[in-house]
Amino acid sequence: MITIVENEITVSEYLDMRARVNWRKLSEKQAEQAIQNSLYFVKAIDENEQIVGIGRIVGDGAVICYIQDLIVDPRFQKQKIGSLIISKLIAFVESIHEEDTPMMLCLMCAKGREAFYEKHGFMARPNDNLGPGMIRFL
């Protein structure tokens, strides 16, 4: 059974999850700031209290939020853990969204994961109304 724990993650847990999927290495200071500056953070733990997934929300909490660092340990993928995490992230943003106002929930999708996010109501860019997402690495 998978349990979701809200807003309780250590720097080492965060860095470990990033390493499990071979994402860019961060310094401990970067990881600590990322955690502190997140609006919301979840971790998914199994019955052995092992972390099997994480996800966080960043943004201003009023006009725009981003799903960031949605990670499921490769050994636990295809078990609906990612769907459980994204559902919690979306629910959090819906809970802070001011009624009758526009708000965007965005994300940067890893190549090949588009169908997963589309299943959860996200649309790919570019499309007829929106240009492509852009990024600049510093």
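If you read the sequence from its start, that first residue is 1, and numbering goes on from there.
- Because its NZ or CZ atom is both nearer than 6.0 Å to the ring centre of F137 and within 45° of the ring axis, R24 counts as a cation-pi partner of that residue.
- The nearest pair of heavy atoms linking Q50 to R20 is NE2-NH1, 4.1 Å.
- Nearest heavy atom pair, residue V72 against residue I85, reads CG2-CD1, 4.3 Å.
- Of all non-hydrogen atoms in Y66 and L107, the two that sit nearest each other are CD2-N, 4.3 Å.
- Side-chain atoms of E47 come within 3.5 Å of backbone N or O of M1 as a donor-acceptor pair.
- D69 places no side-chain N or O within 3.5 Å of a backbone atom of G55 that could act as its donor or acceptor partner.
- Between F116 and S83, the closest heavy-atom pair is CE1-OG, 3.6 Å.
- Note: Y40 and F92 have parallel aromatic rings, judged against thresholds of 30 and 60 degrees for the angle between ring planes.
- Distance check: I67 CD1 to L105 CG gives 4.5 Å after rounding to the nearest 0.5 Å.
- L130 CG to M123 CE: the interatomic distance, rounded to the nearest 0.5 Å, is 6.0 Å.
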- Message: Run the side-chain contact (heavy atoms from CB on, under 4.5 Å) test on I96 and M103 for me, step by step, so that the C-alpha distance in whole Å, both residues' side-chain angles and the decisive distance to 0.1 Å come before the verdict.
- Response: CA-CA 10 Å; I96 64 170; M103 185 175 192; 4.2 Å; yes

- Task: Start with the C-alpha gap between L39 and V58, add the side-chain angles, then the distance that decides, and say whether side-chain contact (heavy atoms from CB on, under 4.5 Å) holds.
- Result: CA-CA 5 Å; L39 295 175; V58 299; 5.8 Å; no

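- Side-chain atoms of Q30 never come within 3.5 Å of backbone atoms of E28 as a donor-acceptor pair (strictly under, hydrogens ignored).
- The two residues I51 and K43 come nearest to each other via the heavy atoms CD1-CD, 3.7 Å.
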